[in-house]
Structures are given as structure tokens and as C-alpha cells.
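It should be emphasised that the depicted structure is a prediction, and the values quoted were computed from it without experimental measurement. Proteins get letters first, then strands, A, B, ... in listed order; numbering begins at 1 in each.
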Protein chains: 2
Amino acid sequence: MAKFDLFQFVPFRLNRLAAEVSAALSDEYQVRYGLDIPEWRVIATLGFRDDACSAQFISQCTRTHKSTISRAVTALLERELIERVENEDDRRAFELRLSAKGTALYEELIPRLLHKERDILSCLTAQERKDFAAALGKIERSLDLVQTRHGQKAGAY
Amino acid sequence: MAKFDLFQFVPFRLNRLAAEVSAALSDEYQVRYGLDIPEWRVIATLGFRDDACSAQFISQCTRTHKSTISRAVTALLERELIERVENEDDRRAFELRLSAKGTALYEELIPRLLHKERDILSCLTAQERKDFAAALGKIERSLDLVQTRHGQKAGAY
DNA sequence: CTAAGATAGTCTCATTTGCAACCATCTAAA
DNA sequence: TTTAGATGGTTGCAAATGAGACTATCTTAG
């Protein structure tokens, strides 16, 4: 039988690495700002988009279950980090956007996270980083993992 | 402020990719063999090692909490997929190994998982795969993530 | 030898999260 | 228009998991 080495097995390595990297970042958003991962994802998505978007949209592009997003949205509303207005066209849906307070947090947090990311990737050369990102992109696309506009796939975001 | 793109942010991408890849594999060990992730990790570690090892060791090298491993071990013992014998030198510890039944399952499962892994990575060229694995290795080492023998780090496994 | 601290493993508890039922609203078709 | 099905979002519930207390055992210092 083919010799199997768990520690060479990419799915296992991805899991372990993702967990470790998340833990390394959580100091920034968890300890410092009291955000958990889903909350951070909501903030990040809203901060990145100029226009408001729905919970559904956040759920789809972050690949996070809608109930998890719903809970995160509720918590962020209570902390007044985001705002929610009814959608006139569809009264089931809401438009979400960062509040002034949320925007301030976002702009404070982002540089810290980018710095951490740079730290983590600093063991690679510039070319290696580029290749690594490209490989991630290829795998993502082949798994149909790249979300773009409201639930559709492919295309530049 | 530096423009931030969640979808270019490596920690986020790793999380999402790891989750997706795990889901893709779970059909094999979850649906087909009724193993959850921690159980599969125990099986994989025991199958890979020729000699018996402790729960502690499995916990350390898979980076899985000892209580999680403990539960997985209990479940696998009940299903008689693994065996446990007292360690003569240290009566707190147990030596774990695959049973005949467990070995059979292992040898059936491994080719399926390797096949899945190959599928997932088939979007990369051979060279890209090699570079990708090398980059993973560098990041793992820089995060001090490479476990080797009983709790020690570094060195070839 | 004894006591203090470390370590292996189990167990309880709290948290997190996915699933699925549910409500309200929208869309499409008869 | 009425009705069936789809969709956005919320919530109750159950499964999974990490933290940490706990027991038993081992190790080391005095």
C-alpha cells in the first residue's frame, strides 16, 4: 500500500495551519476589540464594500452559515458597530453598513491584522509569497470557492 | 489607509480553504466509515507509526486538544478499531495501536483519501504542487508548528 | 522516605456552531 | 387573485470542542 504520512497530507496541514494562523490573529480582534471570528468577518466584509449589503451576501462570500452571521450581526448591532436599515425593495432583507464607530474600529484594526499577516508570511521570499497566493487562488477556483456578487461565482470581485 | 481585501487576506483564505477541503474529504471517512475528524486523526497517527503510541503523543502531533483525543480514543475502543494496553513503565499512560479491524479500515481508507487529495491538487502543475508544499512547510516551521517526537519540535519526522 | 510538582488521561461545564424549523415576504404560475 | 414555492433572516436544539478541574501516577529535591 502507498505509505501514508499524515504530516505530508495537505488537507491535514491546511487545517492545522489555518487553526494556528487564526489563533495568532485572534489576539488582535478578540482580546483587543472583543470580536469573535464571525463578527470580524462581518466587519471586514462591510468595511471592504463601499455600499451596504445584506446578511445573506456576507454569509455567502465568507462561507459562513447564515445563522452564525445572524448572531454576529445581532451582537454588532447591540454594540452599535454596524447599522441596519430596511430594504425598500424587499422587506425581508436589511441593508447593513458600518457605523461611524464601526468604521473607526475597522480602520484601527486593519493595519494590525495586515502587519500580523506580513509577519506570518515573512518566512517566504516575495516570489514565494506570490506563488503561494497564486496556488491558493487556483485551488479556490477549482473548488468553486471564489464568491463574487450576490451568490454568483467567478469574475473579479 | 491601506485598502484591505478580505478575499486576498491569507488567514481568511486559509480558514475557508481548510474548511472546504475538510468537507470534501469528510464524505470518505465520515459518511462511509462513520469517523469524525478527531477519530480519523487518531487512526491516521496510529496507522502511520509502526510502534504503539500514547494519547498524549497523538494530541501533540495532531495539535488536537487532549480531551478531544480522549473522546475519540474511547469511541474507537468501543468500535474495536484500536487496542489499548497498559504501559509497564508508566501506569498513567496507555499504549495505543490499531486492531486488525482498524488496520483493515486504515488500508481501505488511505487510498481513497490520497485520491481525493490528488483531485484537489490536480489544478496545480507538479512543480506548483511542490512549491506549494514547500511554502506550507516554511510557514509551519516559522510558526513552530512542526511536531516530531514526543512533544519536541523540529527535525525530520 | 517524604513532599512538591509534573504529567497522562478522564470528566464536567460552558461556548460555539451547524442544522432545521419557522415566520415573513417575495415571485411566478394558474 | 390565489396559491405554491423560493428566499431573507431568526431562533431552538443538539452536537462538537476547548478549558480546566480532578485522579492517579511518576519524578525530583530535600
- Message: Ring centroids only, cut at 6.0 angstrom: are B/Phe132 and A/Phe132 within range, meaning strictly under it?
- Response: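 So the answer is yes for these two rings.
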
- Item | A/Phe48-B/Phe4 aromatic ring centre distance below 6.0 Å |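 No, ring centres 6.0 Å or more apart.
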
NZ/NE/NH1/NH2 to OD/OE distance under 4.0 Å, [X] and [Y]:
X	Y	answer
A/Glu95	A/Arg84	no
A/Glu86	A/Arg91	no
B/Glu39	B/Arg71	no

Between [atom2] on [N] and [atom1] on [X], what's the gap in Å once rounded to a whole number?
X	N	atom1	atom2	result
B/Leu76	C/dG9	CG	P	15 Å
B/Arg41	D/dA16	CZ	P	15 Å
B/Lys66	D/dG20	NZ	C1'	9 Å
B/Ile69	D/dG20	CD1	C1'	17 Å
B/Gln56	D/dC26	CD	P	15 Å
A/Asn15	D/dA16	CG	P	16 Å

- Protein-to-nucleotide contact annotation, 5' to 3' order, nucleotides 13-19 of chain C [B base; S sugar-phosphate only; - none; under 4.0 Å, heavy atom]: ----BBB

- Message: What residues from residues 84-98 of chain B pass a heavy-atom cutoff of under 4.0 Å to DNA chain C?
- Response: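 Heavy-atom contacts with DNA chain C come from B/Arg84, B/Arg92, B/Ala93, B/Phe94.
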
- Query: Will you find, in the side chains of B/Ser22 and A/Asn15, an N or O donor that is under 3.5 Å from an N or O acceptor?
  - Reply: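 A pair is found: one side chain offers a donor N or O, the other an acceptor, under 3.5 Å apart.
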
- Item | Donor-acceptor side-chain pairing of B/Arg41 and B/Thr62 below 3.5 angstrom |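 Absent: no donor and acceptor within the cut-off.
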
- Query: Would A/His65 and A/Ile69 count as a side-chain contact (heavy atoms from CB on, under 4.5 Å) if you check the C-alpha gap in whole Å, the side-chain angles of each, and the deciding distance to 0.1 Å?
  - Reply: CA-CA 6 Å; A/His65 196 276; A/Ile69 295 297; over 6 Å; no

